[in-house]
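A quick write-up on the structure given underneath.
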Amino acid sequence: MFAASSSQSCVEEPANSTPNVENGPASDSQGESSAEKAKGNQLLDAFNLLQAKMAACGYSLDPNLPKIAVVGPENSGKSSVLQSFVGKDFLPSGSGLVTRRPTIIQLEPLPKGSEEYGVFAHVPKGDDNAEKRFYNFEAIRQEIADETNRLLGPTEFSSEPIVLKIFSPHVLKLTLVDLPGMVENKVDDQDESVVSNVKQMVRENIADPGTLILAVCPANQPIATAVALKVAEEVDPKRERTIGVLTKLDLEEAGTNSVDVLENRKLPLQRGYVGVVNRSKMDIMNGRDRAHERKYEKKFFQNSCYSYLASRMGSDYLQELLQKTLKQHIQKQLPSIRSDLSLRLARIQRELKTFNETFGDSLDEEDNFYLMNYVQDFIDNVNVDLMGYSDEVPDSTLSTGAELNFLLNFEAQKFLNLDTTPDEKNVTCIVESMSGYRNSISLPSLSMNAICRKLVNRFIDPLETSLLTIKDVLLDSACSGTC
């Protein structure tokens with residue numbers, strides 16, 4: 001085999017070179033029969049429906065459902081990889097963190113010549129019970145941004161996903177989860193916690209063994225320090241469920257290439273690496289579309305040191321590989337999925353039986369009794385977790401009440417340690433100004449009010465900070481089901 005070393009420029013490979021790709025991703029040359037393909041598509045349809053139903057019922061990204069989560073740093077080309085599958089720009093873009101919620105992207109193929117469109121799970125159906133279709137992909141991008149802002153503030157994050165289904169004749173049946181791009185340093189007016197918040201959300205969404213990790217790494221940066229591979233290795237130390245994607249291969253420095261990575265010799269992954277080439281910012285500014293991108297990508301791999309790997313590189317191959325991998329992964333996970341869903345169904349059926357026993361034949365007659373039971377349960381939980389009025393308090397962790405007591409009596413006092421003595425010059429100025437041209441024997445009451453108001457105003461920000469801290473503790477407790 002003739003292959004460029006990592007210290008050589010990526011120039012055209014001799015036509016008779018033979019690749020050594022023992023450790024790379026498996027070839028899809030055998031293909032699938034029509035029956036196998038139909039069965040696999042039915043499996044993906046059922047999985048997509050289940051995923052959407054779980055999200056609609058408040059289960060967020062259910063950790064027990066198999067999925068492909070896409071991770072990568074900002075400006076790694078992560079969004080471009082996803083958009084290349086569709087051939088349209090539909091994900092929010094711009095400076096700073098534009099993705100602050102996971103986006104479940106379900107791709108549904110249409111017959112050739114059909115008009116492509118998108119459908120959101122959160123958008124209400126029309127009067128005819130039909131889903132609203134977004135034919136303008138710029139409107140899809142705006143809806144993702146608007147839905148994020150409807151749920152969150154300008155800097156907040158949430159694990160509650162946006163579910164988007166895209167119908168197009170240019171896609172394969174596939175489901176991916178787009179996670180926020182990871183950042184190393186905060187910029188401008190971003191909160192100090194933004195770096196840790198993003199990494200924590202990504203880590204939580206890829207921690208489950210049933211999740212495949214698509215780690216997007218720019219080839220013009222050292223692979224040894226790739227952020228996506230680092231965070232993937234934290235939850236997948238054996239590199240069994242990580243698929244590497246190398247972007248920006250056309251932007252590598254002169255005299256370098258990524259042959260050793262794409263041949264899976266450097267930082268090897270059990271599922272290997274795939275290289276892709278997407279549009280540059282200059283291409284986008286010049287109005288070059290996705291069709292141009294595909295032609296450029298194909299030409300690049302055919303006329304570079306990666307030519308002997310060309311059949312296993314590019315966005316089309318990556319999409320085929322992911323579809324096949326996801327089908328196999330779902331089939332492997334089916335027994336545990338059935339078991340988990342059966343347990344949930346049995347629990348819900350027990351709850352329904354309890355409701356029926358409580359309500360009897362008529363719900364209306366027993367509504368008050370039912371509500372009183374639940375109100376009493378809530379009071380009991382508050383007594384235990386906030387007031388400590390029980391011997392059932394935890395012995396290994398602090399209760400919510402104890403945590404609030406610490407925050408109010410120690411942490412909050414730091415914010416409230418203010419000087420409440422008014423400045424003499426300021427007092428004189430206020431008194432003189434409010435007396436005007438009149439002379440007064442005693443201190444005018446309005447002056448006293450103005451002085452006190454200024455002193456009280458000093459406590460507004462610290463008190464708001466303390467309230468927000470208490471709110472966060474109570475919300476965490478409520479979400480964990482302890483209060």
Side-chain angles (χ1 to χ4, degrees), residues 23-25 61 67-85 91 93 96-105 157 159 174 176-186 194-252 256 258 260-278 313-315 317-319 321-322 325-326 329:
N23 299 322
L61 285 180
K67 57 181 178 289
I68 299 178
V70 187
V71 302
E74 278 191 308
N75 302 317
S76 63
K78 181 170 65 72
S79 294
S80 295
V81 170
L82 296 172
Q83 293 176 145
S84 69
F85 295 160
L91 292 172
S93 61
L97 281 167
V98 292
T99 304
R100 292 180 288 118
R101 293 174 61 183
T103 304
I104 299 176
I105 303 169
F157 295 85
S159 59
L174 183 62
L176 302 148
V177 181
D178 182 28
L179 297 173
M182 291 174 289
V183 293
E184 291 298 309
N185 301 291
K186 82 175 193 71
V194 66
V195 176
S196 59
N197 285 347
V198 173
K199 284 188 177 179
Q200 181 62 26
M201 178 188 291
V202 171
R203 195 178 292 110
E204 288 175 354
N205 279 286
I206 64 175
D208 188 78
T211 299
L212 295 172
I213 306 168
L214 194 67
V216 180
C217 313
N220 58 350
Q221 297 177 15
I223 193 70
T225 59
V227 175
L229 290 180
K230 280 187 174 183
V231 72
E233 192 168 17
E234 291 178 14
V235 298
D236 181 31
K238 295 182 180 180
R239 302 174 184 171
E240 296 174 329
R241 51 191 179 91
T242 302
I243 303 169
V245 177
L246 279 190
T247 61
K248 305 187 179 183
L249 288 164
D250 55 332
L251 301 179
E252 293 176 298
T256 66
S258 300
D260 52 354
V261 178
L262 292 175
E263 286 187 350
N264 211 22
R265 291 185 282 110
K266 187 174 184 179
L267 285 178
L269 306 173
Q270 291 196 26
R271 297 180 183 273
Y273 293 85
V274 176
V276 298
V277 175
N278 297 312
M313 297 290 125
S315 301
Y317 174 79
L318 176 61
Q319 191 176 177
L321 175 68
L322 293 179
T325 303
L326 182 59
H329 192 58

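Numbers here are sequence positions counted from 1. Quick caveat: nothing in here was measured; it's all calculated off a predicted structure.
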Specify the closest pair of heavy atoms between [X] and [Y], including all atoms of both residues, with the distance to one decimal.
X: G77; Y: V216; result: C-CG1, 4.3 Å
X: V71; Y: K78; result: C-CD, 3.8 Å
X: L229; Y: A215; result: CD2-CB, 3.9 Å
X: A228; Y: G72; result: CB-CA, 4.0 Å
X: S80; Y: N278; result: CB-ND2, 3.6 Å
X: T211; Y: A69; result: CG2-CB, 3.9 Å

How many angstroms lie between atom [atom1] of [X] and atom [atom2] of [Y], to the nearest 0.5 angstrom?
X: M182; Y: S76; atom1: CE; atom2: OG; answer: 8.0 Å
X: I243; Y: L321; atom1: CD1; atom2: CG; answer: 5.5 Å
X: I104; Y: R101; atom1: CD1; atom2: CZ; answer: 10.5 Å
X: K67; Y: I206; atom1: NZ; atom2: CD1; answer: 10.0 Å
X: Y273; Y: R265; atom1: OH; atom2: CZ; answer: 12.0 Å

**OP:** Please list, chain by chain and in numerical order, all residues satisfying side chain to side chain contact (heavy atoms under 4.5 Å, CB included) with V277, sequence neighbours excluded.
**Re:**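 With neighbours one apart ignored, the set is L249, D250, Y296, E297, F300, F301.
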Subject >> Residue list, side chain to side chain contact (heavy atoms under 4.5 Å, CB included) with E204, at least two apart or on another chain >> reply: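 Listed in chain order: Q200.
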**OP:** With I105 as reference, evaluate L91, V177, I68, L174 under the side chain to side chain contact (heavy atoms under 4.5 Å, CB included) test and give the passing residue.
**Re:**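 Considering L91, V177, I68, L174, a side chain to side chain contact (heavy atoms under 4.5 Å, CB included) with I105 is found only for L91.
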Between [X] and [Y] (side chain of the first, backbone of the second, donor and acceptor by atom type, cut-off under 3.5 Å), is there such a pair?
X: R241; Y: Q270; value: no
X: N205; Y: M201; value: yes
X: H329; Y: G210; value: yes
X: N264; Y: L269; value: yes
X: K248; Y: V276; value: no
X: E252; Y: S258; value: yes

Subject >> Test log, rule side-chain contact (heavy atoms from CB on, under 4.5 Å), inputs V245 and L318 >> reply: CA-CA 9 Å; V245 177; L318 176 61; 4.0 Å; yes
Original post:
Is the closest side-chain heavy-atom distance between V235 and I213 below 4.5 Å?
Top reply: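 Contact flag for V235/I213 side chains = yes.
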**OP:** Among residues two or more places apart or on two chains, list those pairs meeting salt bridge (Lys or Arg N to Asp or Glu O under 4.0 Å) that have a residue in residues 220-233.
**Re:**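 Those involving residues 220-233 are E233-R239.
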**OP:** Start with the C-alpha gap between V231 and K199, add the side-chain angles, then the distance that decides, and say whether side-chain contact (heavy atoms from CB on, under 4.5 Å) holds.
**Re:** CA-CA 8 Å; V231 72; K199 284 188 177 179; 5.6 Å; no
Subject >> T242/L212 under side-chain contact (heavy atoms from CB on, under 4.5 Å): CA gap, chis, key distance, verdict >> reply: CA-CA 6 Å; T242 302; L212 295 172; over 6 Å; no
**OP:** Any chance you could lay out the side-chain contact (heavy atoms from CB on, under 4.5 Å) test for L246 and V274, step after step, and finish with the verdict?
**Re:** CA-CA 6 Å; L246 279 190; V274 176; over 6 Å; no
